[in-house]
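These notes concern the structure reproduced below.
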Amino acid sequence: MTAWTKKDLLGIKDLSVEELELILTTADSFKEVSARDIKLVPALRGKTVINFFYEPSTRTKMSFEVAAKRLSAATYGLSKSGSSLQKGETLIDTILNLEAMGPDLIILRHSAPGAPHLISKYTQAGVVNAGDGAHEHPTQALLDAYTMREKKGKIKGLNVSLIGDVAHSRVVRSNIFLLNKMGANVTVCGPATYLPKDIAGLGVKVTTKVDEAIEDADVIMMLRIQLERQGRKSLPSLREYFDFFGMTEKKLERSKPDAIIMHPGPMNRGVEIDSSVAEGPRSVILEQVTNGVAVRMAILYLLLGGTRNEDTN
Amino acid sequence: MQLLCDFYALPLPEGLFYCKRNGVCMTKEKENAEIQGHVIMDAAAINRGLKRIAHEIVEQNRGVEDLVLVGILKRGVPLAERLAEFIEEIEGKKVPVVKIDITLYRDDLTTLGPNPIVGVTEINVPIEDKVIVLVDDVLFTGRTIRAAMDSVMDFGRPSMIQLAVLVDRGHRELPIKADYVGKNTPTSLRENVHVFLKEIDGKNQVIIEKLNHEIKKK
């Protein structure tokens, strides 16, 4: 039987196709729970979940919090501002102190790639990577995959184009890993300054032309320009970026009529996506958010629900 | 979904699964065929039992107004559907059948071993002020029924909850009693009761299997 045996969810890279399928299938059951009048089940009663967000977040943080509360777990939040990290306490010391309070799960967002992997060595609690620098954002990729599967009925064979700031996006990396494992055809597109030179090595088609990227796409995912992750400006101007790469109704005329538009959020309207597209009939951007709660409930359930064999992880 | 072989951690061909009882990979049908024991109900007996329960439900509730049958995943669901058919034959009215999965309400969820697969609950009719009949295959400790009642209550306030089971094997750990029973079968803890239903297992049969160890009660 397929059973979940891992203590942590650190990245898509470590997961097998069966584990990915298990998460997506389990999420179906939790989508139903979120559709009830009473959106609460007692599955994780008595479990302690710490939301540790070193970087700002609206969707991911709230989504994990809602997911944990709907499963009856107790959730606690810690952010960089307002914690002793500002007084110079190290990440490892912070985790050791949290560990002393006996949490069952720590959800970490951090600006340093690999931070969740590091802390998982210092705590008995499960660790979920809620985004580590420009490395991975596994739960985002899973909710994207769930949404694609829901809208298109499958993932295998889909043409998925990721357009925008590929270099700084952790969402891209997790999505590429996941979509490759599940048999989709991935194209990445952006200005040359936003395309890492070895990106084709991940097994994706690379192009700098939006028209080429959207022509055969079933799924068009726009990526945010991550101005906070750039030391030096790699764009002449946002206006020019919008003209060449921003998704507009006009550019979409070249796409398949049933292609769906996704965006991991937060959106820069008028930079990578025009408001009329973001709110248009093909946009599934807010459904991604709804599905995010179901997918995160599934992950919390799988990580905290059963007992784990100590030597399996 | 493709299942994994526990032992080799390899994907199994479709239709096969790793059978812990026998320690080898086999089809569900083969495993079912290998369960040896005393047959306490055959297809005809199951049919007669369900027919009688259908009559009792109608009689007890003076008709089928406000009745909703709730099948508990997984074998309670086909049983509830069969009961609804018999009730329709008797009264000429269709009774709604819904299904619930009690996994998330189990009291042993975190001590159970690996996560049980969560099924999908489908309660698509209002249950406020309805008479609910929970339907399950085997009544044992009563803990499943406790979980099912909690789950149902989260969907509304039924006017009454009743319980119908195909087999009552005793060993209750909670003050729970079935209103409608197909067969009362006192058992020991060194026995296992297997219910096979055509819709899931390809045959209709109830078997008592002798074990050489005591069952750890769930």
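What you see is a predicted model, and the numbers here were worked out from it, not measured in a lab. Each chain gets a letter, A, B and so on, in the order its sequence line appears, and its residues count up from 1.
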Q | Contacting region of A/V17 [heavy-atom separation from chain B under 4.5 Å] | A | neither
(Q) More than 12 heavy atoms of other residues, nucleotides or ligands under 6.0 Å from CD of B/E65: yes or no? (A) no
Q. Just wondering, are more than 12 heavy atoms of other shown residues or ligands nearer than 6.0 Å to NE2 in B/H38?
A. no
**Q.** Exercise: identify the closest heavy-atom pair between A/S29 and B/G119
**A.** OG-O, 3.4 Å
Q.
Counting only heavy atoms from other residues, nucleotides and ligands, does the tally under 6.0 Å from NZ of A/K13 exceed 12?
A. no
Q.
With chain A as the partner, which of B/V120, B/D154, B/T121 has the greatest number of non-hydrogen pairs under 4.5 Å?
A. B/T121
Q.
Can you tell me if B/K177 has over 12 outside heavy atoms packed within less than 6.0 Å of its NZ?
A. no
**Q.** From A/F30 atom CZ to B/L104 atom CG, the distance as rounded to the nearest 0.5 Å
**A.** 4.5 Å
Q: Go through the steps to decide whether A/L22 and B/I117 satisfy the test side-chain contact (heavy atoms from CB on, under 4.5 Å), and finish with yes or no.
A: CA-CA 9 Å; A/L22 177 64; B/I117 304 284; 3.8 Å; yes
Q) Around atom CG of A/D258, are there more than 12 heavy atoms of other residues, nucleotides or ligands at under 6.0 Å? A) yes
Q.
Measuring from atom CD of A/E32 to atom CG of B/N124, what distance do you get when rounded to the nearest 0.5 angstrom?
A. 10.0 Å
Q) Is there a side-chain contact (heavy atoms from CB on, under 4.5 Å) between A/V41 and B/Y105 once you walk through the steps? A) CA-CA 7 Å; A/V41 290; B/Y105 289 80; 3.6 Å; yes
